[in-house]
Trainee: 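Quick one: this structure, given as structure tokens, is what I'll be asking you about.
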Amino acid sequence: MNDCLFFGLNQLPKLIKNKPDKIIKPIQFKFENENENENENENENEKQIKQIATGNFSTIFLFENGKAIEYLNENDSNQNPQKIQIENIQKVTVGCYNEAILTKEGNVFAKGKNINSKNPNEFINISSLIEDTNDRIIEDAVSGVGSVYLLTSNQNVYGIGSNVWGQLGFDSKTLPKTEKLILMMKNISKIFSGNASAHVFLLNSNQELFVCGYNQWNQLGLGESRKKETKIQKLTQIQNIPKGKIIDIQCGWANSIMLIEDENQNQNQNKNKNKNKNPKRKLYSCGNWLTNGLYKNEFTYEFTEIKTSLFENDDNIIDFSIGNRHTLILTSKGKLIGFGRSECGELGFEYAISQPIPNQIKLPKLRFNENISNYHISCGYQRSFLYYSSPPFSNLEEDLIKLFRRKEFCDISFKTENGEIIKAHKLILKYRLNQNQIEKLQEIISKKSIKESNQIFEMIYSNRIINPKLYSEIKEIINSNEKIEETMKRIYLNENENENEKDFIIERKEKQYKFPKLILIMRSELYRGMFLSVTEDKSNKVTDYSELSNKPFQILEYWIYSNQIKEEIQITQEIIDEIETGIDYFQLNQTNPNLFDLLINKFNNQN
């Protein structure tokens, strides 16, 4: 079951059959054969939307199982979406005249007339075109007008496709297009473009921002001195960018919008130890006055803050998206705000009229309104989507899901509707549910298939709503307000009375440390060294073989359970140095967030 609203142009492609070509008000989008009374859950995970990418001539739906379908630019009311024959998809991106698919293995497959002129409708592995074979693992991919940009794990940016407006950073006369990947810039951490954008922004780790491409409406934010240059054909640094941390940049045909996190507020929150309030986010815009949300009746040459009474002090920006010439913004209070062009109803107002000033859009009731932060927006050519997508797994959640799937360590059984046995772990259930809730869980499982039961346990073992329909049945019996990290902390702090036979004991020079056997088995999926040797040892004792003193070891111990650092612990440079040595000694994988990064951040905040 999805929660996906659609509005705007309903042709080229025809997304919803038996509906008009222009859908003015947001309506529920349903896939063919999807209905409210569907009891079969075999297709539930296959139809859980992870991402929607929509452009000028196609729309792609990516699902949680790593598969995707696309609607092509055929105005045939009887057409059905086509399956994309690529597995393990991580991200999809749609531009004008091109599409790109990023897989979990770090490959990128793309198609389009500027990418592969011989077979423009066939996906090819463009990441394999990078000459340096050690630079072919791709971390991100974005599409623009006729172009695709790749960011590698080595922080290099490559471009392919159209360079008509200089969007690849080269002279358009000598290189109007290329079907080979060309290196654009090194030492870049993020790339930004858009489905209707003929320009691209590149951001490095020092928050230095570079841009090139089409500048007819001064959408590059380079200032008044460059206002007469319609093409910026060389990557150029933007000097006057707003203060704060750049979170995202969305690009349209005639404007660009930047999302900034207020660093001053972050520092104040650290001083006041205000953990409940999220850092304030602000939007800054430049470009054409009809589409940039500033309504100054003139072009805006530099990024300027979008100010409106609709952004309340205790409200925050969750997501935003730019289509061809319209923008939608979602806030933490569930407001959907829009501005720009709206000839086909893409702003979702009652009438298909353009709105240069930000206005609130009336929405039908959202199914998962209490989880508004999990909603996302996707704007394309004169069409818009607002959809629910479960958050990604944390490292800790991934560990626990792996643990659940390792049935040899399970010690409690449940019976499904077909009499099949599904197993879980008493220790995890003990801290997530009480005895009455465990009995209620058994009753629910007895009426579910093995696949549904697996999904239920994976939701118990994580913070994730894997299957919203099933979650609605179990949310009353689990402590849905407690994150799995909090559960793990409680396991860590427990005295483990009557559980000693299930503990591993690690002997330090000054103290013994007890680890529930189950937890070390779980963490050994990711960490080698000491903890892996503990799980392999037939006895329950491991002697001291590290030079770590007690405080760094306690930090390390706490991190094993929660991937966090205790608030009350003061971090010194000596502790950082010692734990850095310990990380090397134990050969711990550098996961994200990793211990060393957490230590550095806490050390910087203290000072």
Side-chain angles (χ1 to χ4, degrees), residues 192-197 199 201 203 207 209 211 215 217-224 227 238-266 278-342 346-349 353-363 372-373 375-379 384 386:
F192 310 98
S193 191
N195 58 72
S197 166
H199 60 286
F201 292 93
L203 180 71
Q207 292 283 290
L209 189 63
V211 67
N215 194 43
W217 290 278
N218 296 280
Q219 61 267 47
L220 304 193
L222 287 170
E224 192 168 359
K227 68 179 182 179
I238 301 175
Q239 299 299 329
N240 298 319
I241 60 176
K243 292 182 179 179
K245 182 180 179 181
I246 299 174
I247 303 299
D248 191 13
I249 303 174
Q250 295 274 330
C251 308
W253 177 247
N255 67 308
S256 303
I257 298 180
M258 180 185 297
L259 179 63
I260 293 284
E261 202 167 78
D262 193 332
E263 287 186 334
N264 292 327
Q265 189 195 38
N266 288 352
N278 291 322
K280 190 65 178 178
R281 293 176 163 190
K282 298 178 181 179
L283 290 173
Y284 294 79
S285 182
C286 63
N288 190 305
W289 69 274
L290 287 170
T291 59
N292 65 18
L294 299 170
Y295 198 52
K296 290 191 172 185
N297 202 24
E298 61 182 3
F299 294 167
T300 304
Y301 310 115
E302 297 180 353
F303 282 99
T304 304
E305 185 179 354
I306 299 174
K307 295 182 179 181
T308 169
S309 59
L310 294 171
F311 296 153
E312 301 175 44
N313 288 333
D314 57 346
D315 207 354
N316 217 348
I317 296 163
I318 291 174
D319 197 19
F320 75 109
S321 181
I322 298 181
N324 188 22
R325 290 182 172 90
H326 74 288
T327 298
L328 293 176
I329 305 162
L330 181 65
T331 76
S332 57
K333 286 195 170 183
K335 291 180 183 176
L336 187 63
I337 298 166
F339 54 84
R341 303 282 289 272
S342 188
E346 57 265 42
L347 286 179
F349 298 122
I353 55 175
S354 296
Q355 291 281 352
I357 301 175
N359 276 277
Q360 186 171 350
I361 299 158
K362 186 176 180 180
L363 287 173
I372 191 67
S373 61
Y375 278 85
H376 302 275
I377 307 168
S378 180
C379 296
S384 306
L386 173 65

Trainee: Tell me whether Gln219 contacts the main-chain N or O of Asn288 through its side chain, where contact means a donor paired with an acceptor under 3.5 Å.
Mentor: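 Side chain of Gln219 to backbone of Asn288: no pair is present.
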Trainee: Assess whether side-chain contact (heavy atoms from CB on, under 4.5 Å) is satisfied between Cys286 and Glu302, documenting all intermediate values.
Mentor: CA-CA 6 Å; Cys286 63; Glu302 297 180 353; 6.0 Å; no
Trainee: What residues form a side-chain contact (heavy atoms from CB on, under 4.5 Å) with Ile247, not counting sequence neighbours?
Mentor: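 By the side-chain contact (heavy atoms from CB on, under 4.5 Å) rule, Ile247 matches Lys245, Leu259, Glu261, Arg281.
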Trainee: Looking at every non-hydrogen atom in both residues, tell me the closest pair between Leu220 and Phe303 and how far apart they are.
Mentor: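 Nearest pair, atom of Leu220 first, then Phe303: O-CE1, 4.2 Å.
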Trainee: For this output row, return yes or no: ring centroids of Tyr295 and Trp289 closer than 6.0 angstrom.
Mentor: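 Ring centres of Trp289 and Tyr295 closer than 6.0 Å.
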Trainee: Taking the side chain as every heavy atom from C-beta outward, state whether Tyr284 and Ile241 have any pair of such atoms under 4.5 Å apart.
Mentor: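 No - every pair of side-chain heavy atoms lies 4.5 Å or more apart.
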Trainee: Between Ile246 and Ile249, which heavy-atom pair has the shortest distance, and what is it?
Mentor: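 Smallest heavy-atom distance, with atoms named: CG2-CG1, 4.0 Å.
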Trainee: Just by distance, do the side chain of Asp315 and the backbone of Ser332 share a donor-acceptor pair under 3.5 Å?
Mentor: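 The answer is yes, because a donor-acceptor pair under 3.5 Å joins these two groups.
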Trainee: Rounded at 0.5 Å granularity, tell me how far CG in Leu310 sits from OG1 in Thr331.
Mentor: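 Going from CG on Leu310 over to OG1 on Thr331, the span is 9.0 Å.
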Trainee: Does Gln250 use its side chain to pair, donor to acceptor, with the backbone of Gly194 at less than 3.5 Å?
Mentor: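 Not a single qualifying donor-acceptor pair exists.
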Trainee: Would you check, one step at a time, whether the test side-chain contact (heavy atoms from CB on, under 4.5 Å) holds for Phe299 with Lys227?
Mentor: CA-CA 9 Å; Phe299 294 167; Lys227 68 179 182 179; over 6 Å; no
Trainee: Would you sort out whether Leu347 and Phe339 count as a side-chain contact (heavy atoms from CB on, under 4.5 Å), showing the intermediate values?
Mentor: CA-CA 7 Å; Leu347 286 179; Phe339 54 84; 5.6 Å; no
Trainee: After noting the C-alpha distance and the side-chain angles of Leu209 and Val211, does the key distance pass the side-chain contact (heavy atoms from CB on, under 4.5 Å) rule?
Mentor: CA-CA 7 Å; Leu209 189 63; Val211 67; 5.9 Å; no
Trainee: Run the side-chain donor-acceptor check on residues 317-330: report pairs under 3.5 Å with partners two or more places apart or on a different chain.
Mentor:
from   : atom 1 : to     : atom 2 : distance (Å)
Asp319 : OD2    : Ile377 : N      : 2.9
Ser321 : OG     : Cys379 : N      : 3.0
His326 : NE2    : Ser384 : OG     : 2.9

Trainee: Quick one: pull up CG in Asn292 and CG in Leu283 and give me the separation to the nearest 0.5 Å.
Mentor: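 One gets 12.0 Å once the value is rounded to the nearest 0.5 Å.
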Trainee: State which residues pass salt bridge (charged side-chain N to carboxylate O under 4.0 Å, His left out) with Lys333; sequence neighbours excluded, sorted by chain then number.
Mentor: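 Counting only residues at least two positions away or on another chain, Lys333 forms a salt bridge (charged side-chain N to carboxylate O under 4.0 Å, His left out) with Glu312, Asp314.
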Trainee: Determine the sole option in Thr291, Thr300, Thr304, Ile306 for which the side chain to side chain contact (heavy atoms under 4.5 Å, CB included) test with Ser285 is passed.
Mentor: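 When Thr291, Thr300, Thr304, Ile306 are each tested with Ser285, the side chain to side chain contact (heavy atoms under 4.5 Å, CB included) holds only for Ile306.
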Trainee: Roughly how far, to the nearest 0.5 Å, is the CG atom of Asn359 from the CG atom of Leu336?
Mentor: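 The distance works out to 11.5 Å.
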Trainee: Kindly say whether His199 contributes a backbone atom to a donor-acceptor pair with the side chain of Ser193 at under 3.5 angstrom?
Mentor: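 Pair found, side chain donor or acceptor close to backbone of His199.
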Trainee: Working to the nearest 0.5 Å, report the span between CH2 of Trp217 and CG of Asn255.
Mentor: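 Between atom CH2 of Trp217 and atom CG of Asn255 there are 10.5 Å.
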Trainee: I need the Lys335 NZ to Gln360 CD distance, nearest 0.5 Å.
Mentor: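 The NZ atom of Lys335 sits 5.5 Å away from the CD atom of Gln360.
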